[in-house]
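Structure first, commentary second.
Order of listing sets the numbers, starting from 1, for every ligand and every atom in it.
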Amino acid sequence: MQTRLPESVLITREGREAEAILRRCVHCGFCTATCPTYRLLGDERDSPRGRIYLIKQMLEEQPVGEHTRHHLDRCLLCRGCETTCPSGVRYSRLLEIGRERLDRKKPRPWPQRLHRAALRWLLPDARRFALALGLARRLRPFLPAGLRARIPAPGDAGPLPVSTHPRQVILPGGCVQPALDPGIDAATARVLDRLGISVVRAGGCCGAVDLHLSAPEAARQRARTNLAAWTGLLDDGAEAILSNASGCGLMLKEYPDLLPDDDRARPVAEATLDLVELLEREDLSPLGQPGRGRRIAFHPPCTLQHGQKLAGRVERLLARLGFELLPFDDARICCGAAGTYSLLQPDLARALRDDKLEKLLARGPELVATANIGCLTHLAANSPVPVVHWITLLTDE
Ligand code: SF4
Ligand code: SF4
């Protein structure tokens, strides 16, 4: 694609990055076939190719209106288009640059800014979020049905291991997951304990919420805090930073893009493993065969399959452990959770979720497993069968 970006854009690192990405796009349109919003809305401006054009126009200093924001906001950042694109266009990075620039160029109306500021105040702070969720659970009977369904009942985490092992991995402190489903971290610790690995908790929110709400400096600040917490532990012998939420794992693996001048970012990114990457190289015989032929469906989060490029890996691991994985249509398409998307674009998110559930449940699985807390809570809000994190299935004797 030919570009005519002005000098004022090209003197910035982001401007040069955007130009390089734009030039890779040959405008073929293959990506439109796997774009959830284009499939749903049928508008070229809600496709990757259309959004790339909108961003190009903005970077070329052509006039932008609210319609540009409208279509960029509707993108899920699911990266399905990146998996499909034959030219290797890094669409997600271009969108981040485009959204941030648009917010600076044309500030959002204040109700939107207030909503986004409230989300950024609440979600990344684990303690604050836990307090708010506790309050919401008390008020649950008085809330409208739609909101009630989004508030999961408190779960029992189960016992934590007491033994310590010479092998250790770092488990990030996270943000919403410990409050929404404490059983995930506890199950992770129990499974690893049986494999002779201990878990050390350190660090906090990865910064993805800030980054996706066009607040990159706040995301960088969270990343720096995490780098400080993890670098020393890695130097002391921790084997890896282990992520059991695929969205956070992807963010950590992309810290070098966020902090290109920070020497600690690359070693941390390279030490980051998704849970499946660690388990698939271990001897899993201490876990037995927890599957015992249970018929389940696995929903692969976009951050796992398109972001971290780990498509099919959890499914193969679960099959090794005796589960029967039921196939379903459109596994590559986003469920609509997409971080804060389900809160900011509730109608589109609901339509994508209901379509996803219909496909996931077509062959009658006893439950749906997934690998990211956002997808889990989004799907569970309307699922007739349980939706769980896959690691919790491995703790059954
Ligand atoms: S598939 Fe890739 S090259 Fe083709 S239009 Fe989409 S982003 Fe551009
Ligand atoms: S990231 Fe997802 S929603 Fe956004 S343009 Fe690409 S495929 Fe479509």
Side-chain angles (χ1 to χ4, degrees), residues 1-3 5 17-60 67-102 208 211-214 246-247 250-251 254 257 299-309 311 329-356 359 372 374-375 378:
M1 181 182 284
Q2 285 205 330
T3 55
L5 270 52
E17 218 182 326
E19 189 193 44
I21 299 170
L22 285 168
R23 289 193 169 201
R24 289 191 82 99
C25 176
V26 295
H27 220 56
C28 63
F30 287 159
C31 51
T32 55
T34 52
C35 171
T37 54
Y38 181 69
R39 286 161 52 119
L40 203 61
L41 302 160
D43 185 331
E44 172 75 14
R45 293 167 302 176
D46 287 313
S47 76
R49 185 172 60 179
R51 293 185 179 115
I52 287 170
Y53 242 118
L54 291 171
I55 295 169
K56 175 179 173 301
Q57 284 175 341
M58 176 179 60
L59 292 172
E60 288 177 343
H67 78 279
T68 304
R69 183 173 348 262
H70 179 69
H71 296 291
L72 298 191
D73 277 356
R74 279 174 157 186
C75 174
L76 295 138
L77 255 182
C78 68
R79 306 193 190 198
C81 47
E82 291 186 3
T83 298
T84 311
C85 175
S87 304
V89 172
R90 287 187 67 210
Y91 167 86
S92 54
R93 181 67 189 126
L94 183 67
L95 187 82
E96 273 165 16
I97 295 170
R99 278 181 174 168
E100 193 208 339
R101 192 171 180 85
L102 181 59
L211 189 65
H212 296 157
L213 292 174
S214 306
S246 58
L250 175 60
M251 180 76 187
E254 293 188 338
D257 287 337
H299 163 61
C302 298
T303 42
L304 190 73
Q305 58 171 331
H306 304 307
Q308 298 194 52
K309 306 285 183 217
D329 291 339
D330 288 342
R332 290 171 60 168
I333 300 293
C334 180
C335 68
T340 52
Y341 192 88
S342 60
L343 302 168
L344 296 168
Q345 302 280 345
D347 295 340
L348 293 178
R350 256 195 309 273
L352 289 168
R353 178 195 66 192
D354 293 347
D355 183 57
K356 177 62 71 183
K359 290 183 168 129
N372 195 53
C375 309
H378 182 59

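Contacts of Ile52 with ligand 1, taken as heavy-atom pairs under 4.0 Å, involve the side chain alone. The residue Met1 has no part lying near ligand 1, judged by heavy-atom distances below 4.0 Å. Here Tyr38 has no heavy atoms under 4.0 Å from ligand 2, in either its backbone or its side chain. Counting heavy atoms closer than 4.0 Å to ligand 2, residue Arg79 contributes backbone atoms (N, CA, C, O) but none from C-beta onward. Contacts between Leu95 and ligand 2, counted as non-hydrogen atom pairs separated by less than 4.0 Å, are absent for every part of the residue.
Metal site remark for atom 4 (Fe) of ligand 2: Cys78 contributes no N, O or S atom at a distance under 2.8 Å. Residue Cys25: an N/O/S atom is found under 2.8 Å from atom 8 (Fe) of ligand 1. At a cut-off of 2.8 Å, Cys35 is counted among the residues with an N, O or S atom near atom 8 (Fe) of ligand 2.
Heavy-atom proximity to Pro48, at under 4.0 Å, picks out these atoms of ligand 2: 5 (S). Here is the list of ligand 1 atoms found below 4.0 Å of a heavy atom in Cys28: 1 (S), 3 (S), 4 (Fe), 5 (S). For ligand 1 and Gly29, the ligand atoms under 4.0 Å from any heavy atom of the residue are 4 (Fe), 5 (S).
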- Message: Between Asp330 and Arg39, does the side chain to side chain contact (heavy atoms under 4.5 Å, CB included) criterion hold? Intermediate values first, please.
- Response: CA-CA 12 Å; Asp330 288 342; Arg39 286 161 52 119; 2.8 Å; yes
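In Arg24, the CZ atom is not crowded: 12 or fewer heavy atoms of neighbouring residues, nucleotides or ligands sit closer than 6.0 Å.
Looking at Asp257 and Arg90, a side-chain N of the basic residue comes within less than 4.0 Å of a carboxylate O on the acidic one, giving a salt bridge.
Arg99 places a side-chain N or O within donor-acceptor distance of the main-chain N or O of Leu72, the cut-off being under 3.5 Å.
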